[in-house]
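Each residue takes its place number in the sequence, starting with 1. Atoms within each ligand, like the ligands themselves, are counted from 1 in listed order. Since we're looking at a predicted model, the values are computed, not measured.
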Amino acid sequence: MTPHGPRAMVRTGRCIGCGGCVAQAGGSTAAMRMDASGRLRPTGSHAWDRAAATVVAQTCPFSSVVPDEDRLSDTLFPEARSHDAATGRYVAAYVGHVVEGAYRQDGSSGGLVSWMATELLRTGRVDAVAHVHACEDPAASGRLFEYRLSRTESAVRGGAGSRYYPVEMSHVLRTMLAEPGRYAVVGIPCFIKAVQLMRRRHPALRERIVHTLGLFCGHMKSARFAESLAWQMGANAEDMQHVDFRRKHPDRAANQYHAQIALRDGRTLGRDWWPLVDGDWGAGFFMDDACNLCDDVMAETADVSFGDAWVEPYSSDWQGHNVVVVRTPALDAMLRDARDQGRIAVDPVDADFVAGTQAAGLRQRREGLSYRLARRSDAPPKRVPPDAHIATPERRRIYRLRAAISRWSHRMFRLARFTRVRGLYLCWARAALTTYHAFAYRRGRLGALLNRFGPG
Ligand SMILES: Cc1cc2nc3c(=O)[nH]c(=O)nc-3n(C[C@H](O)[C@H](O)[C@H](O)COP(=O)(O)OP(=O)(O)OC[C@H]3O[C@@H](n4cnc5c(N)ncnc54)[C@H](O)[C@@H]3O)c2cc1C
């Protein structure tokens, strides 16, 4: 097999833009840049690209030859004896939220990620936490969010919130390679996998990255999602100073997302996600291509993973609840001690409960992945086998439509930006969403028509 450099990974839709290959680029001028569709991608000379093939083979989360999540976690978490196909290995699982401080109020779900990251720092278990912050000057940096190392409790708390926006780790990984210390990393599943693969390759990272905190993930979006939010609120994307993708509101259930943007002129604007032309997460607008090849929803290679408790009664409670999958006894003890002290409120649950909170994501990443793999000639090995007939004809249509919406949302937004005609994207997206809803929920006249004549 020809070894793949970063360019080939980008070309074949397998690069998620984590920045791992650039972090290991040594003295070269390789860097992470936004592409024309608002996705972060590695760029560098041909010489670097050729030289980086080994790095990609050993540390890229979408490389065909790296160990899969099961094999990695067998080595990483020998004490986690329970295993479930959805959660991966685990010591314990919980549902709950933070009680102390403003963690729950400031967090996307129950605030447990920021709480645990702060607790690791407060108790001296780590010196710094790599996670995502808002950029102070987006106009200058060209980005709304970036990975940073937080070295104080207030800095960790300042990074709370979920960012459905491209970020990359090259700078923080370079710092961790260069500066001795004990670090924790927060990230989505493929980023944590990249970190674990880099820990295998670099003894310094193996020693220094002492904790990994994973976020469950449905998919990663391009920067155009934030721009589309601005457009639909009647603002210019260039005027955005900050985006809060999930602003909690007592009038709305936790799963009724409300977005708020702050503009440079000091105004703030807000909109619920659901009425947006691209606000239905399941339709796959702006999804990164690599997400079509992912089979890890719950960050199975992280020491501990956190998601939203998307089942009743939790999803109706506007204040937010986490589900937590713990894979090391030390972090489990930390959670249980804090619960006994009344600082957090967590109840034990089983793997089926956790899987139930992510039913849609798991369907897309397992059954849907199996179907997608069967339709590709260049399919990399995954933990599910390719199977063109695994799903019902209805579900196969939804998988195809979701992939088409993802692909075309990048193109249509690019066209609308280039021509400065927002309606090109917005009208297309409205029509795409109506079609998706008709397929997915069999609603309205189009749904009735599809019921009678839908392609098999
Ligand atoms: C792209 C994305 C997709 C997600 N999809 C799902 C899903 O399908 N199902 C589900 O249950 N949960 C999903 N989550 C996780 C969920 O949104 C919450 O982050 C999680 O429940 C933790 O909530 P919290 O209140 O405990 O975290 P908080 O206390 O709000 O802390 C969140 C921490 O994550 C860091 N962070 C935010 N965005 C990113 C990012 N893009 N990359 C790395 N670190 C980041 C922040 O800096 C902060 O440290 C997703 C998160 C992201 C970023």
Side-chain angles (χ1 to χ4, degrees), residues 16-19 40 86 94-98 101-121 129-134 143-150 155-169 172 184-192 194-195 212-223 225-226 243-248 254-255 257 281-282 284 286-288 291 294 296-299 302 304-311 314-315 319-325 344 346 354-365:
I16 189 65
C18 69
L40 284 164
Y94 300 96
V95 62
H97 58 84
V98 184
Y103 292 99
R104 190 183 192 191
Q105 187 184 312
D106 296 342
S108 285
S109 314
L112 277 166
V113 173
S114 298
W115 177 85
M116 182 165 270
T118 312
E119 190 70 358
L120 289 171
L121 206 61
V129 177
H131 65 146
V132 173
H133 276 261
R143 300 178 193 182
L144 285 162
F145 297 99
E146 65 186 6
Y147 256 93
R148 249 181 241 169
L149 281 167
S150 288
V156 173
R157 287 196 298 266
S162 295
R163 278 67 193 252
Y164 307 120
Y165 190 88
V167 286
E168 56 89 8
M169 305 184 289
V172 294
V185 180
V186 180
I188 56 174
C190 49
F191 279 43
I192 296 292
V195 165
T212 47
L213 279 58
L215 305 176
F216 290 14
C217 185
H219 60 255
M220 187 40 131
K221 290 198 183 287
S222 80
F225 179 55
V243 184
D244 185 347
F245 290 99
R246 290 173 59 175
R247 189 149 193 98
K248 287 181 176 169
N255 56 1
Y257 290 2
W281 186 273
F286 303 114
M287 180 169 77
D288 207 299
C291 303
C294 171
D296 182 4
V297 173
M298 301 194 193
V304 55
S305 307
F306 304 85
D308 285 289
W310 291 150
V311 285
Y314 307 104
S315 43
Q319 297 178 91
H321 284 80
N322 288 112
V323 274
V324 189
V325 179
I344 64 172
V346 289
V354 182
T357 68
Q358 307 296 317
L362 286 165
R363 219 168 21 241
Q364 163 78 356
R365 297 290 174 80

*Which ligand 1 atoms are under 4.0 Å away from a heavy-atom of Gly307?*
11 (O), 12 (N), 21 (O)
*For the student: nearest non-hydrogen atoms of Val323 and Asp308, plus distance*: CG2-O, 3.6 Å
*asked:* Pairs of nitrogen or oxygen atoms closer than 3.5 Å, one from Gln358 and one from ligand 1: do any exist?
replied: yes
*Between the candidates Ser109, Gly159, Cys18, which shows the shortest non-hydrogen contact distance to atom 25 (O) of ligand 1?*
Ser109
*asked:* So that I know where these two stand, are Tyr257 and Trp281 an aromatic pair - ring centroids less than 6.0 Å apart?
replied: no
_Pairwise distance SG(Cys217) to CD(Gln358) - rounded to 0.5 angstrom_ = 10.0 Å
*Identify the protein heavy atom lying closest to atom 50 (C) of ligand 1, giving its residue, its atom name and the separation to 0.1 Å.*
Phe216 O, 3.0 Å
*Please check if atom CZ in Arg247 has more than 12 non-hydrogen atoms from other residues, nucleotides or ligands closer than 6.0 Å.*
no
_Distance (rounded to the nearest 0.5 Å) between Trp115 CH2 and Arg157 CZ_ = 13.0 Å
*asked:* I'd like to check Phe191 versus Val186 (side-chain heavy atoms, cut-off strictly below 4.5 Å). Are they in contact?
replied: no
*Starting from atom 35 (C) of ligand 1, find the nearest protein heavy-atom neighbour and note its residue, name and distance.*
Val186 CG1, 3.9 Å
*asked:* Tell me the contacting part of Tyr147 for ligand 1: side chain, backbone, both, or neither, using a 4.0 Å heavy-atom threshold, strictly below.
replied: side chain
*ligand 1 versus Asp308, non-hydrogen atoms closer than 4.0 Å: side chain, backbone, both, neither?*
both
_Does any part of the side chain of Val324, heavy atoms only, come nearer than 4.5 Å to the side chain of Met116, both counted from C-beta?_
no
_Could you work out, for atom 32 (C) of ligand 1, the closest of Ser150, Gly107, Gly161, Ala117 by heavy-atom distance?_
Gly161
*At the 4.0 Å heavy-atom cut-off, does His133 count as touching ligand 1?*
no
*Using 30° and 60° as the class limits, which term best fits the ring planes of Tyr165 and Phe145: parallel, tilted or perpendicular?*
perpendicular
*Which of the atoms of ligand 1 are close to Gly111, meaning less than 4.0 Å from one of its heavy atoms?*
24 (P), 25 (O), 26 (O), 29 (O)
*Side chain, backbone, both or neither: Val113 near ligand 1, heavy atoms under 4.0 Å*: both
_Atoms of ligand 1, numbered as shown, that sit under 4.0 Å from any heavy atom of Ser108_ = 25 (O), 30 (O)
_Using a 4.0 Å cut-off to any heavy atom of Ser114, which atoms of ligand 1 qualify?_
28 (P), 29 (O), 31 (O)
*Looking only at protein heavy atoms, which one is nearest to atom 38 (N) of ligand 1, and how far off is it?*
Arg163 N, 3.0 Å
*Say you draw a straight line from CD of Gln364 to SG of Cys294; how long is it, rounded to the nearest 0.5 Å?*
10.0 Å
_Please list, in number order, the atoms of ligand 1 under 4.0 Å from a heavy atom of Leu112._
26 (O)
_Please list the nearest protein heavy atom to atom 7 (C) of ligand 1 with its residue and the distance rounded to 0.1 Å._
Gly218 N, 3.6 Å
_So for ligand 1, is Asn322 a polar contact partner (N or O within less than 3.5 Å, distance only)?_
yes
*Heavy-atom pair with the smallest gap, counting every atom of Gly19 and Glu168*: CA-OE1, 4.1 Å
_Ile16 side, atom CD1; His219 side, atom NE2 - distance, nearest 0.5 Å_ = 10.0 Å
*Could you say whether the N/O atoms of Val132 and ligand 1 ever approach to under 3.5 Å?*
yes
*Please confirm whether the backbone N or O of Gly107 pairs with a side-chain atom of Arg246, one donor and one acceptor, at under 3.5 Å?*
no
*Out of Ser162, Ala309, Ala130, whose heavy atom sits nearest atom 19 (O) of ligand 1?*
Ser162
*Supply the atom-to-atom distance Leu120 CG to Leu213 CG, rounded to the nearest 0.5 angstrom.*
6.0 Å
*Please check if the side chain of Ser305 supplies one atom and the backbone of Ala299 the other of a donor-acceptor pair under 3.5 Å.*
yes
*Is there at least one pair of N or O atoms, one from Ala160 and one from ligand 1, spaced under 3.5 Å apart?*
no
*Where does Arg246 meet ligand 1, judged by heavy-atom distances below 4.0 Å: at the side chain, the backbone, both, or neither?*
side chain
*Check Lys221 against ligand 1 and report side chain, backbone, both or neither, counting heavy atoms closer than 4.0 Å.*
neither
*Considering only non-hydrogen protein atoms, determine which one is nearest to atom 52 (C) of ligand 1 and report residue, atom name and distance to 0.1 Å.*
Tyr164 CE2, 3.6 Å
*Where do Ser315 and Trp310 come nearest, in terms of heavy atoms and distance?*
CB-CE3, 4.0 Å
*Subset of ligand 1 atoms that lie under 4.0 Å from at least one heavy atom of His219*: 1 (C), 3 (C)
*asked:* Below the 3.5 angstrom mark, is there an N/O of His131, backbone or side chain, next to an N/O of ligand 1?
replied: yes
